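Just so it is clear, the model here is predicted, and its values are computed rather than measured.
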Amino acid sequence: MNISYEGSISFTQFINEQSEVVNPLPEWALVDKVLVHYYQQMVIARQFDNKAIALQRTGQLGTYASSAGCEAIDIVIASLMHKEDVLVPYYRNHAMQMVRGMKLSEILLYWGGDERGNSSPAQREDFPNCVPIATQCLHACGIASAIKIRNQQRATVSILGDGATSKGDFMEALNVAGVWQLPVVFIINNNQWAISVPRALQSIAPTLAQKALAAGIRGEQVDGNDVVALHQSVEQALQRAREGKGPTLIEAVSYRLSDHTTADDATRYRHPDALKMGWDKEPIKRLRNYLHGQGWWHESDETQWLQHSSALIQDAVDQYLDTPPQPVSSMFDYLYAELPLQLKKQREAAISRSEKEASS
Amino acid sequence: MSGQEAICMVEAINLALHHAMRNDNDVIVLGEDVGTNGGVFRATVGLKENFGIKRVMDTPLAENMIAGLSIGMAAQGLKPIAEIQFMGFIFPAMEHIVCHAARLRNRTRGRLSCPLVIRAPYGGGIHAPEHHSESTEAIFAQIPGLRVVIPSSPQRAYGLLLSAIQNPDPVIFLEPKRIYRSQNQIVEDNGHTLPLDTCFTLREGNDISLISWGSMIKETLEAASLLAEEGIQCEVIDVATMNPLDRETILASVGKTGRCVIIQEAPLNCSVGSEIASILACEALLDLRAPIARVGGYDTVMPYFRLENQYMPQTDQIIDAAKRTMEFD
């Protein structure tokens, strides 16, 4: 018997959960600049997350999907993307959107039930949050096709959860990205949970990255709580995409430190010990301990930065809470480039209903 | 080619596709078998040869993927024309059509848009395999953000398809394949478009309005001719755009005649015809001199082809319905 195909999946890690260096660091990670920057951004993301959950709990925000645990993934990827690259997120990527230039108040506006949170000028050609699972992977392939047709040197990044890898859209996206050699990078935030369903019940495949091999494209696993590992893998994948060398699937192994959303209660299905293990591996503490060890970040820096980010977030909250809702006509104004006659009539009716309600 | 030779609907569609691709580099075509094979109905013949494989793409076999890809392309400013080989296979793509294509402009407050056309042959009458003969236009007509267009002649197919391609929003363009090759017309390749929000009055008459679309226009026009021989002057309206529906033309016609028959191939239940009847009931009750009559498919699964002709509405059913309506006092 001959072997028709054999493949393997690498796992990249530089700084482990004890904050020890386990592989020789790349040159950029031998100095403080980038690592400190990543750390600072992650702290803002975590504080923002805590604030958003508090807003939801006090009735000031809608159902919110926490990003606790995927800060490293989001911050590193978004930092490495060029402005003209295109981000096609799912619904847990507030930190990416922040790094891409969205105001935190705009992100809150989205979760506060306002479509203007999808229309920040900073989003440029980025897609809005994608709610139907895994569908964004195919939009990314369409964007990447346009980039390829026009011979541009841009990359498309699509991010998804581990549950999304069970959907046809994901496999279809890997397949077409391979056969057309599209400039796209797929990142799985494998946070081990799809609401209550654990990773082990999604697929018997030992890694999710190996699904790439079936599509004939590059697949690899990285420690999703290690900013250095993420940086190395993602930078290379983006570079390959921009150079027309084809797609990559990166499975970033992380852990969801939160409930699925504020509408969920993970204590119904997750053992506290499992969560504790997640906290032991989490990205922020890991990097802080490393930076402390290197003498690149001190308690005073921490205090100062927490104050800075608190103020930043409070400003965003104030701005969000001060934003008046859209006029009722906005339900109609973006439905079509040119509103059909019947809808014009409904629009008028909606405006008068709204005015009547306001005056009564 | 000036198009002086009379051509059939599928050739007119091909002519419009060539015209659009020639005049706008952002127009691209994708789908299963649309390249080398020129489409299973030959609607895309010659496009690959004329415009190359970068703009005419044979895709992997996945309808959901075709729709999802088209949305990404459209958001980048391309104008994708995706072919779904048969409307019976469009359902994997529904999530992308309904949840994304139809909503992208709205949910980004106009930051992104989705100028895309999805073409699909639909309808019965050609003795096709299972899943190749249904008429499910109403499913799409209910979705806010979509336009749903059905041509009924070569000339209208040409003009409506060009409009659909130029339209900045997603258009579901359903092609009645039973009449793909049944009628030849001179189609000038002049780039003239037809409106996507207007019914076409194909025949004027004062006695009764016959309202139809797609392949049933053929039987409806036949019925109108035969009824004319008996002194009944029918007004024949081709609805053409299922969404947005041109209520004004329909209401004006029924306002004039006071009588109407709605003719469709689709099952009657919750259909475009139901909506037209509802509009007439709500807004033209006092104009009506007889109850609205409806001729259409049964509310059954489209039968496999040995019983197909028992399902498809026939000319004499339209004539009978029109006469009953005329006789009502």
*Tell me the ring-ring contact (aromatic ring centres under 6.0 Å, His included) pairs involving residues 118-167 of chain A, sequence neighbours left out?*
Phe127(A)-His139(A), His139(A)-His96(B), His139(A)-His100(B)
*Take Arg103(B) and Glu115(A), measure what side chain to side chain contact (heavy atoms under 4.5 Å, CB included) needs, and give me the verdict at the end.*
CA-CA 11 Å; Arg103(B) 295 168 65 123; Glu115(A) 291 90 348; over 6 Å; no
*asked:* Just so I understand: if I count every heavy-atom pair under 4.5 Å between each of Ala140(A), Pro132(A), Ala144(A) and chain B, which residue has the most?
replied: Pro132(A)
*asked:* I'd like to know if Glu248(B) pairs up with Lys345(A) as an ion pair, taking the criterion as any Lys NZ or Arg NE/NH1/NH2 lying under 4.0 Å from an Asp or Glu carboxylate oxygen.
replied: yes
*Where does Val86(A) contact chain B at under 4.5 Å (heavy atoms): side chain, backbone, both or neither?*
side chain
*Between Arg150(A) and Asp26(B), is the closest basic N to carboxylate O distance under 4.0 Å?*
yes
*asked:* Return the CG to SG distance between Leu69(B) and Cys137(A), rounded to the nearest 0.5 Å.
replied: 12.0 Å
*Atom group of Asn25(B) that falls short of 4.5 Å from chain A, counting heavy atoms*: neither
_Using heavy-atom distances under 4.5 Å, tell me whether Leu78(B) contacts chain A through its side chain, its backbone, both, or neither._
both
*Say you draw a straight line from OH of Tyr334(A) to CZ of Arg109(B); how long is it, rounded to the nearest 0.5 Å?*
6.0 Å
_Any donor-acceptor pair under 3.5 Å from Arg107(B) side chain to Asn129(A) backbone_ = yes
*Give me the contact list for residues 137-150 of chain B versus chain A, heavy atoms only, anything under 4.5 Å, ordered by residue number.*
Ile143(B), Pro144(B), Gly145(B), Leu146(B), Arg147(B)
*Given the options Asp126(A), Ile147(A), Asn175(A), which has more heavy-atom pairs under 4.5 Å with chain B than any of the others?*
Asp126(A)
*Is any side-chain heavy atom of Arg111(B) closer than 4.5 Å to a side-chain heavy atom of Pro128(A)?*
yes
_Does any backbone or side-chain atom of Glu95(B) lie under 4.5 Å from a heavy atom of chain A? Answer side chain, backbone, both or neither._
side chain
*Asp169(A), part contacting chain B, at a heavy-atom distance under 4.5 Å*: both
*asked:* So which residue, Gly168(A), Ala173(A), Ser119(A), Ser330(A), ends up with the most heavy-atom pairs under 4.5 Å with chain B?
replied: Ser119(A)
_Would you say that more than 12 heavy atoms from the other residues, nucleotides or ligands in this model lie under 6.0 Å from the NZ of Lys103(A), or not?_
no
*Interface residues of residues 321-328 of chain A facing chain B - non-hydrogen atoms under 4.5 Å apart*: Gln326(A)
*Among residues 50-65 of chain B, which ones touch chain A with a heavy-atom distance under 4.5 Å?*
Lys54(B), Met57(B), Asp58(B), Thr59(B), Pro60(B), Ala62(B), Asn64(B), Met65(B)
*asked:* Taking side chain as everything from C-beta outward and backbone as N, CA, C, O, which of these in Leu341(A) sits under 4.5 Å from a heavy atom of chain B? Side chain, backbone, both or neither.
replied: side chain
*Please round to the nearest 0.5 Å and tell me the distance separating atom CD of Gln342(A) and atom CG of Asn243(B).*
10.5 Å
_Atom group of Arg124(A) that falls short of 4.5 Å from chain B, counting heavy atoms_ = backbone
*Taking Met331(A), Lys148(A), Glu125(A), Arg116(A) one by one, which has the highest count of heavy-atom pairs under 4.5 Å against chain B?*
Glu125(A)
*How far does CD1 of Ile28(B) sit from OG of Ser145(A), to the nearest 0.5 angstrom?*
7.5 Å
*Side chain, backbone, both or neither: which part of Ser120(A) has a non-hydrogen atom closer than 4.5 Å to chain B?*
backbone
_Quick check on Arg247(B) against chain A: is it the side chain, the backbone, both or neither that has a heavy atom closer than 4.5 Å?_
side chain
*Distance in Å, Cys141(A) SG paired with Ile71(B) CD1, rounded so as to fall on 0.5 Å steps*: 12.5 Å
*Quick one: pull up OH in Tyr336(A) and CG in Asp197(B) and give me the separation to the nearest 0.5 Å.*
11.0 Å
*Thr108(B) versus chain A, heavy atoms under 4.5 Å apart: side chain, backbone, both or neither?*
both
*Would you find more than 12 non-hydrogen atoms of other residues, nucleotides or ligands less than 6.0 Å from Glu283(B) atom CD?*
yes
